[in-house]
Amino acid sequence: EFPWPYLQSLGLKVPTAGGPFLRIFGSQLIKYGINQSLKRGHTTFYFHPIDICNEKIPMKFDLRRPMLWIVKGNIVKVRITKLLETFAPVATNFRTLIDEPFSKR
């Protein structure tokens with residue numbers, strides 16, 4: 001199990017794990033959440049290819065949440081780049097989920 005990062009403030013836990021949160025909250029809030037989570041131990045961050053896609057999302061597939069897809073593409077690429085510039089120079093153990101050994105059940 002990989003712990004998701006969250007920002008704890010005023011008794012609330014705000015998820016700061018990846019793509020959707022990066023689109024909604026921006027890189028600064030995500031950065032705070034990752035920093036707090038790293039102080040608690042290991043954490044993870046993810047994004048999906050659709051987060052950095054510049055293609056128009058057909059609303060017929062997501063009529064309930066069209067506002068969620070207003071921010072994506074190059075805007076999110078810039079936000080991801082800011083996070084990598086912040087965390088990659090000091091990180092000693094970046095891994096993908098595929099790199100992690102999973103225990104057999």
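Using a 4.5 Å cut-off on side-chain heavy atoms (C-beta onward), F45 and I34 make contact.
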Residues 2-20 side chain polar contacts: donor-acceptor under 3.5 Å, at least two apart:
| residue | atom | partner | partner atom | Å |
| --- | --- | --- | --- | --- |
| Y6 | OH | R40 | NE | 3.3 |
| T16 | OG1 | P5 | O | 3.4 |

Test log, rule side chain to side chain contact (heavy atoms under 4.5 Å, CB included), inputs K39 and Q36: CA-CA 5 Å; K39 289 176 184 173; Q36 270 192 10; 5.7 Å; no
Worked check of side chain to side chain contact (heavy atoms under 4.5 Å, CB included) between K82 and I30: CA-CA 11 Å; K82 285 180 184 179; I30 301 300; over 6 Å; no
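How far CD of E85 is from NZ of K31: 10.5 Å, rounded to the nearest 0.5 Å. One distance of note links CG of L83 with CD of Q28; it measures 9.0 Å at 0.5 Å rounding. Taking CG of L22 as the start and CG of L29 as the end, the distance is 10.0 Å to the nearest 0.5 Å.
Counting heavy atoms of neighbouring residues, nucleotides and ligands inside a 6.0 Å radius, atom CZ of F25 exceeds 12 of them.
Hydrophobic clustering (side-chain heavy atoms under 4.5 Å, transitive across Ile, Leu, Val, Met, Phe, Trp, Tyr) keeps V78 apart from I24.
Looking at every heavy atom in both residues, N54 comes nearest to K77 through ND2-NZ, 4.2 Å.
The salt bridge (Lys or Arg N to Asp or Glu O under 4.0 Å) pairs that include a residue from residues 43-52 are R23-D51, where partners are two or more places apart or lie in different chains.
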